[in-house]
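Since the structure comes first, as structure tokens, the remarks are kept for the end.
Nothing fancy with the numbering, it's 1 onward along the sequence.
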Amino acid sequence: MNINDIDWNGACLAQKPSKFGVTTGSTYWDKRAKSFARHNIKNDYVDKFLRCLKIRKDWTVLDVGCATGTLAVPLAQRVRSVTAMDISAGMLTLLSERCRTEGVDNIRIIRAGWEDDWTAAGIGQHDIAIASRSLITNDYRSALSKLDKAARKRVYLSTLVGDGPHDRQLFEAIGRPLNPGPDYIYFCNLLYQMGIRAGVSFVSSVERNAYNNPEEAFEIIRLRFGDLNRTEAKALKAYLEKYLHCRDGKWQMAYRRKIVWAVLSWEKT
């Protein structure tokens with residue numbers, strides 16, 4: 001079989017995450033905004049991803065799925081300007097607050113998603129377009145095409161390797177199956193089919209989230225699943241009682257997880 005005979009967009013869609021809170025809608029991300037901001041400021045993923053970019057001061061950058069400014073803020077301090085785009089009003093509100101607090105004035109904020117009309121939203125074209133851990137859509141081919149067209153020089157996309165950030169042990173504990181979504185290799189093949197030869201590098205980090213107390217840990221983790229029924233909530237509490245330990249005044253899981261992301265990049269021709 002020829003690789004171009006395979007419907008790679010359909011294959012990606014067939015691997016879309018099972019319903020455990022990851023959706024293309026804004027409500028879920030609005031609820032997660034505060035905990036997301038706190039966790040990602042401390043995460044060493046940011047420095048490792050930025051090193052992949054080989055940043056230039058004269059760049060204009062589009063950050064798709066910018067969340068609370070995980071990359072947009074540190075990028076704005078190193079490039080000419082950033083357009084920060086996200087579907088979640090809650091995320092963008094926190095980004096605006098962070099810009100005021102840190103004195104960042106070269107970020108343009110736009111509320112839009114992958115399925116929206118980017119021309120109507122005023123996205124425009126930039127030197128560099130990035131989508132960091134944000135490719136959640138109902139049409140991957142269309143999304144990648146938009147990202148590619150938005151860049152004049154280069155595109156960077158980071159996405160899942162294996163389970164990605166999802167803790168399989170948590171899913172097993174509450175009795176839910178884990179389908180994290182399409183692995184990076186699907187996107188390599190889809191891009192190849194689109195005539196794009198992407199390079200691949202890998203970024204890894206060890207995750208061990210810290211919480212102020214067990215109640216906070218339960219609420220933050222529960223949000224990642226969406227709604228839990230009574231049986232699942234009971235199972236999650238029992239799991240946390242077993243594996244959540246207090247160290248130096250913070251509550252953490254007794255185990256560490258290594259998370260690997262693939263960074264796909266390509267030059268514009």
Side-chain angles (χ1 to χ4, degrees), residues 1-30 32 61-67 71-72 83-89 91-92 109-126 128-152 154-166 177-200 224 226 261-269:
M1 176 182 290
N2 190 303
I3 191 172
N4 287 313
D5 293 333
I6 300 172
D7 178 9
W8 286 107
N9 190 50
C12 289
L13 289 170
Q15 296 296 318
K16 278 193 71 175
S18 50
K19 189 176 180 181
F20 54 79
V22 177
T23 75
T24 55
S26 62
T27 302
Y28 167 75
W29 295 108
D30 287 344
R32 281 198 61 191
V61 179
L62 172 64
D63 181 4
V64 182
C66 65
L71 292 170
T83 296
M85 167 185 159
D86 202 280
I87 195 173
S88 167
M91 294 283 191
L92 295 179
I109 297 174
I110 296 178
R111 186 182 179 190
W114 290 107
E115 278 78 28
D116 292 322
D117 183 334
W118 287 17
T119 301
I123 301 301
Q125 199 174 43
H126 300 69
I128 306 298
I130 67 173
S132 168
R133 309 179 295 185
S134 64
L135 188 56
I136 304 172
T137 178
N138 293 317
D139 187 342
Y140 292 103
R141 182 185 290 273
S142 174
L144 290 169
S145 178
K146 287 179 178 180
L147 190 67
D148 182 65
K149 290 175 181 177
R152 284 187 288 266
R154 196 165 180 84
V155 181
Y156 294 87
L157 164 72
S158 66
T159 190
L160 295 173
V161 176
D163 287 347
H166 309 297
L178 171 59
N179 176 14
D183 186 83
Y184 79 97
I185 200 66
Y186 284 83
F187 297 118
C188 289
N189 289 324
L190 175 55
L191 287 166
Y192 180 88
Q193 195 171 59
M194 294 169 62
I196 296 172
R197 310 299 189 255
V200 183
R224 298 175 189 171
W261 298 92
V263 180
L264 281 58
S265 62
W266 60 95
E267 299 279 355
K268 295 301 301 289
T269 56

Tell me the closest heavy-atom pair linking [X] and [Y], and the distance in Å.
X	Y	result
Ala262	Val200	CB-CG1, 4.3 Å
Val64	Ser134	O-OG, 2.7 Å
Arg111	Ile87	NE-O, 2.9 Å
Asn9	Leu190	N-CD1, 3.8 Å
Ile110	Gly122	CD1-O, 3.8 Å
Trp118	Gly113	NE1-O, 3.0 Å

What residues form a side-chain hydrogen bond (donor to acceptor under 3.5 Å, both in side chains) with [X], not counting sequence neighbours?
X	value
Asp116	none
Gln125	none
Thr83	Arg108, His126

For the side chain of [X] and the backbone of [Y], is there at least one donor-acceptor N/O pair under 3.5 Å apart?
X	Y	answer
Asp86	Ala67	yes
Trp266	Tyr156	no
Ser158	Arg133	yes
Gln15	Asp183	no

What's the separation between atom [atom1] in [X] and atom [atom2] in [Y], rounded to the nearest 0.5 Å?
X	Y	atom1	atom2	result
Leu264	Ile185	CG	CD1	8.5 Å
Met91	Ile109	CE	CD1	13.5 Å
Glu115	Asp139	CD	CG	7.5 Å
Asp63	Ile128	CG	CD1	12.5 Å

Mind checking whether [X] and [Y] have side chains closer than 4.5 Å, heavy atoms only?
X	Y	result
Asn189	Ile6	no
Gln193	Arg141	yes
Trp261	Leu160	yes

Begin with the C-alpha distance, continue with both residues' side-chain angles, and end with the deciding distance and a verdict on side chain to side chain contact (heavy atoms under 4.5 Å, CB included) for Trp114 and Leu135.
CA-CA 8 Å; Trp114 290 107; Leu135 188 56; 3.7 Å; yes
Can Ile196 and Asp148 be said to form a side chain to side chain contact (heavy atoms under 4.5 Å, CB included), step by step?
CA-CA 9 Å; Ile196 296 172; Asp148 182 65; 4.0 Å; yes
Provide the full list of salt bridge (Lys or Arg N to Asp or Glu O under 4.0 Å) pairs with a residue in residues 185-199, sequence neighbours left out, each pair given once.
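Applying salt bridge (Lys or Arg N to Asp or Glu O under 4.0 Å) to every pair that reaches into residues 185-199, excluding sequence neighbours, yields nothing.
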Determine, step by step, whether Leu157 and Leu144 satisfy the side chain to side chain contact (heavy atoms under 4.5 Å, CB included) criterion, reporting the C-alpha distance in whole Å, the side-chain angles of both residues, the deciding distance to 0.1 Å, and the verdict.
CA-CA 9 Å; Leu157 164 72; Leu144 290 169; 3.7 Å; yes
Residues which pass ring-ring contact (aromatic ring centres under 6.0 Å, His included) with Tyr186, listed by chain and number, not counting sequence neighbours:
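Tyr186 satisfies ring-ring contact (aromatic ring centres under 6.0 Å, His included) with no other residue.
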Tell me every residue that passes side chain to side chain contact (heavy atoms under 4.5 Å, CB included) with Lys149, counting only those two or more places apart in sequence or in another chain.
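If we apply the side chain to side chain contact (heavy atoms under 4.5 Å, CB included) test to Lys149, skipping adjacent residues, the hits are Ser145.
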